[in-house]
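Below: the structure, in structure tokens.
These numbers were taken from a predicted model, which means no experiment stands behind them. Order of listing sets the numbers, starting from 1, for every ligand and every atom in it.
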Amino acid sequence: MLINTERLELTNFKADYTEQFSKALNDPRIFLYLPENVPTSEEIQNIIKWFIERDKNNIKTGFKGTNLAIVLKENKDVIGWCGIQPFDPIPDKMEIFFGLAPVYWNKGYMTEAAKAVLKYGFELLNIAEIVAGVKPENIASVKVLEKVGLIFQKKLDKVPKDCEFYLGEHYYSITKTQYINKKV
Ligand SMILES: CC(C)(COP(=O)(O)OP(=O)(O)OC[C@H]1O[C@@H](n2cnc3c(N)ncnc32)[C@H](O)[C@@H]1OP(=O)(O)O)[C@@H](O)C(=O)NCCC(=O)NCCS
């Protein structure tokens, strides 16, 4: 799958991306508000294998989530990731998620990518509602979510035992109807 935006390509992960993706993720600032830490290259290899497997299964069994590589058209660099998958604390909801190498922050890239992810989710996958959880102090992420039309719903004050990381996060959502009416 390939989604084209003005400056980016969003594409399924390939084993070839391991080195570039490791380089992009090699910065603890990316993980400040995420449940993971900077991954080792072995962990990256394994996670990419898992992305590829999940994408194959999407074809066989129906969509269960995808994590797309963000490739900068101008230099073909893998600069981040974004996608849609079940939201861990409320797994019957589909979440939008994303991250970018810090050297590329604040250039509007994630807003551009996130708009394309919503279009994919609503127009191609026909998902009824897309949600997100974000630490309120993660201002850049809050801004991206709001710029693409997600709306604050509530603070997550109850989460399953194995999802305590998400406690206190701000929960955002946009329905397909809101998306159509807004067309961000
Ligand atoms: C969140 C993230 C993907 C944003 O990517 P990005 O390409 O820099 O986002 P954009 O440039 O499209 O938009 C960021 C917005 O936040 C604003 N911003 C960033 N830091 C800010 C700060 N400290 N205070 C106020 N505004 C800030 C930018 O000015 C921009 O808004 P604007 O377009 O109105 O000027 C990036 O910061 C990232 O990878 N963070 C680490 C991973 C992460 O936290 N993912 C989300 C988990 S919920």
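For atom 32 (P) of ligand 1, the closest non-hydrogen atom of the protein is Lys147 NZ, 3.6 Å. Regarding atom 9 (O) of ligand 1, its nearest protein heavy-atom neighbour is Val144 CG2, 3.5 Å. The closest protein non-hydrogen atom to atom 12 (O) of ligand 1 is Thr111 OG1, 2.5 Å. In terms of protein heavy-atom proximity, atom 48 (S) of ligand 1 is nearest to Ser141 OG, 3.3 Å. Ranking the protein heavy atoms by distance from atom 24 (N) of ligand 1 puts Ile139 CG2, 3.6 Å first. The nearest protein atom to atom 44 (O) of ligand 1, hydrogens excluded, is given as Asn138 ND2, 2.8 Å; this is a heavy-atom distance. In terms of protein heavy atoms, atom 5 (O) of ligand 1 is closest to Met110 CB, 3.2 Å. For atom 18 (N) of ligand 1, the nearest protein heavy atom (residue, atom name, distance) is Asn106 OD1, 3.8 Å.
Contact between Asp55 and Gly65 at its shortest, heavy atoms only, is OD1-O, 4.1 Å.
Put simply, part of Gly133 is less than 4.0 Å from ligand 1, judged by heavy atoms.
Atoms NZ and CD1, on Lys115 and Ile3 in that order, are 14.5 Å from each other to the nearest 0.5 Å.
Proximity of atom 2 (C) of ligand 1 to the protein is not indicated, since no non-hydrogen protein atom lies closer than 4.0 angstrom. Under the 4.0 angstrom criterion, atom 35 (O) of ligand 1 counts as lacking any protein heavy-atom contact.
Side-chain contact, Gln178 with Thr175: a donor N or O sits under 3.5 Å from an acceptor N or O.
Taking the six-membered ring where the residue is Trp, Tyr17 and Phe13 present perpendicular rings, their angle passing 60° and hence far from 30°.
At a threshold of 4.5 Å between non-hydrogen side-chain atoms, the residues Ile79 and Leu8 count as touching. Considering only heavy atoms from C-beta on, Arg54 comes within 4.5 Å of Asn67 through its side chain. Between Glu6 and Glu112, the closest side-chain pair of non-hydrogen atoms falls below 4.5 Å.
Under 4.0 Å from ligand 1, not a single heavy atom of Glu112 appears. Contact annotation: for Leu32 versus ligand 1, there are no heavy atoms closer than 4.0 Å.
The shortest N or O to N or O distance between Trp105 and ligand 1 is below 3.5 Å. Every N/O-N/O distance between Leu34 and ligand 1 stays at or above 3.5 Å.
Distances below 4.0 Å separate heavy atoms of Gly108 from the following atoms of ligand 1: 10 (P), 11 (O), 12 (O).
Here Asn46 pairs with nothing under the side-chain hydrogen bond (donor to acceptor under 3.5 Å, both in side chains) rule; sequence neighbours left out.
Less than 6.0 angstrom separates the ring centroid of Phe87 from the ring centroid of Tyr166.
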Please set out all donor-acceptor pairs under 3.5 angstrom arising from side-chain atoms of residues 129-140, sequence neighbours excluded.
{"unit_1": "Glu129", "atom_1": "OE1", "unit_2": "Lys93", "atom_2": "NZ", "d": "2.7"}
{"unit_1": "Glu129", "atom_1": "OE2", "unit_2": "Ser173", "atom_2": "OG", "d": "3.2"}
{"unit_1": "Lys135", "atom_1": "NZ", "unit_2": "Phe165", "atom_2": "O", "d": "2.5"}

